[in-house]
There are 2 protein chains.
Amino acid sequence: MNALFKALNDPTRRQMLELLRKGDLTAGEIADQFEMTKPSISHHLDLLRQAGLVDSTKNGQFVTYTLNTTVLDELLAWLMNFTGSSLLNTSPPAPEPDSSKKSS
Amino acid sequence: MNALFKALNDPTRRQMLELLRKGDLTAGEIADQFEMTKPSISHHLDLLRQAGLVDSTKNGQFVTYTLNTTVLDELLAWLMNFTGSSLLNTSPPAPEPDSSKKSS
DNA sequence: TAAATACTTAGACAAATGTCTAATTAATAA
DNA sequence: TTATTAATTAGACATTTGTCTAAGTATTTA
């Protein structure tokens, strides 16, 4: 929990998470999005990994980073103790609104 | 958003929030729960207030602190962008299970 | 093999953070 | 009014944090 809040307490790292929301990225691709040296990027990614917010896998000379949201569920649970669990939807997913009508 | 994560990035401050969940407390009552000097406590409370997580009102020589969860909703909304908004319950509150039975 | 590319590790350093003691302000009690 | 109590403000100081440059490790390409 401590590592989680620590990891989230930085705008660069939060932005990294938002980038990864759209899909996996290599360390270099992430670095391209920031005006910061690669070592600094590497360090931020390390903190995110320590918090369990991202996973990294090596593919050849590239390292791909993937968002891991399971640890955010823990944060969500913590939050619910304050905002009241009434915000949580415990009911089963609603049926699709009828896929026979429109596609897009 | 920055002040919020900053305020939450400390175990003492998070514990303070949990204490206030059970009810309002004066600065002194809060200080009693920690092995830390009052000025340090005061400083932590100040950061919580800056983040909008607590409100403070002066009553005589006492200052009472109250939990303010509205800013946590903002965090909740941010979180939902990651964990998937399906967890959010958007339906109206369910009717009370029948108030004619028990009082408590 | 040698050079280039992708990334991390090591170490320095300024800025931010958490804690303390001492002093200050405000309100109550003697 | 003077003393006491509750709390904050000011300022010092060690630790942590974010950033950088330089160097190191793999991996791919020439």
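FYI, side chains are in, hydrogens and waters are out, and symmetry mates aren't considered; it's all heavy atoms of this structure. Lettering follows sequence order; numbering is per chain, from 1. Everything numeric in this text was worked out from a predicted model, so none of it was measured.
Among the nucleotides dT17(C), dT19(C), dT9(C), the one closest to any side-chain atom of Ser42(A) is dT9(C).
Between the Arg14(B) side chain and the Leu8(B) main chain, a donor and an acceptor come within less than 3.5 Å of each other. In this structure, Arg21(A) contributes its side chain and Asn81(B) its backbone to a donor-acceptor pair below 3.5 Å. Judged by distance alone, with hydrogens and angles left aside, the side-chain atoms of Arg49(A) form no donor-acceptor pair with the main-chain N or O of Tyr65(A) at under 3.5 Å. Within the 3.5 Å criterion, the main-chain N or O of Lys6(B) finds a donor-acceptor partner in the side chain of Asn9(A). Panel note: side chain Asn68(B), backbone Leu53(B); no donor-acceptor pair is recorded below 3.5 Å.
Following chains of ILVMFWY side-chain contacts shorter than 4.5 Å, one cannot reach Leu47(A) starting from Leu19(A), and the two form parts of different hydrophobic clusters. One hydrophobic cluster holds both Leu72(B) and Met80(A) under the rule that ILVMFWY side chains link at heavy-atom gaps under 4.5 Å.
Atoms CG (Leu48(B)) and P (dG18(C)) sit 11 Å apart, rounded to a whole Å. Residue Asn2(B) contributes atom CG, which lies 14 Å from atom C1' of dT17(C) at whole-angstrom precision. Atom-to-atom, NZ of Lys6(A) to P of dA16(C) comes out at 18 Å; the value is rounded to the nearest Å. Separating the CZ atom of Phe5(A) from the P atom of dT17(C) is a distance of 17 Å, rounded to the nearest angstrom. Atom CE of Met36(A) and atom C1' of dT8(C) are 16 Å apart (whole Å). The distance from atom CG of Asn9(B) to atom P of dG18(C) is 7 Å, rounded to the nearest whole Å.
Residue Phe34(A) is classed as having no contact, given no heavy-atom separation below 4.0 Å to the nucleic acid. Using a 4.0 Å heavy-atom distance criterion, Asp10(B) is classed as a sugar-phosphate-only contact.
Paired with Ile30(A) under the rule side-chain contact (heavy atoms from CB on, under 4.5 Å), one option of His44(A), Lys38(A), Met16(A) passes, and it is Met16(A).
Contacts between chain A and DNA chain D, taken as any atom within less than 4.0 angstrom of a protein heavy atom, begin and end at dT17(D) to dT28(D).
Annotation: of the two residues near DNA chain D, Lys38(B) and His44(A), the 5′-most nearest-nucleotide partner is Lys38(B). Comparing Thr26(B) and His43(A) against DNA chain D, the residue whose closest nucleotide sits nearer the 5' end is Thr26(B). Taking the nucleotide of DNA chain C with the nearest heavy atom to each of Leu47(B) and Ile41(A), the more 5' of the two is matched to Ile41(A).
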Tabulate atom names and distances for all N/O pairs under 3.5 angstrom spanning the protein and nucleotides 23-30 of chain C.
unit_1	atom_1	unit_2	atom_2	d
dA27(C)	O3'	Gln61(B)	N	3.4

Would Asn59(B) and Thr64(B) count as a side chain to side chain donor-acceptor pair (under 3.5 Å) here? Give the steps. CA-CA 7 Å; Asn59(B) 291 315; Thr64(B) 300; 3.3 Å; yes
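In this structure, Tyr65(A) reaches the dT8(C) phosphate: one of its side-chain N or O atoms is under 4.0 Å from OP1 or OP2.
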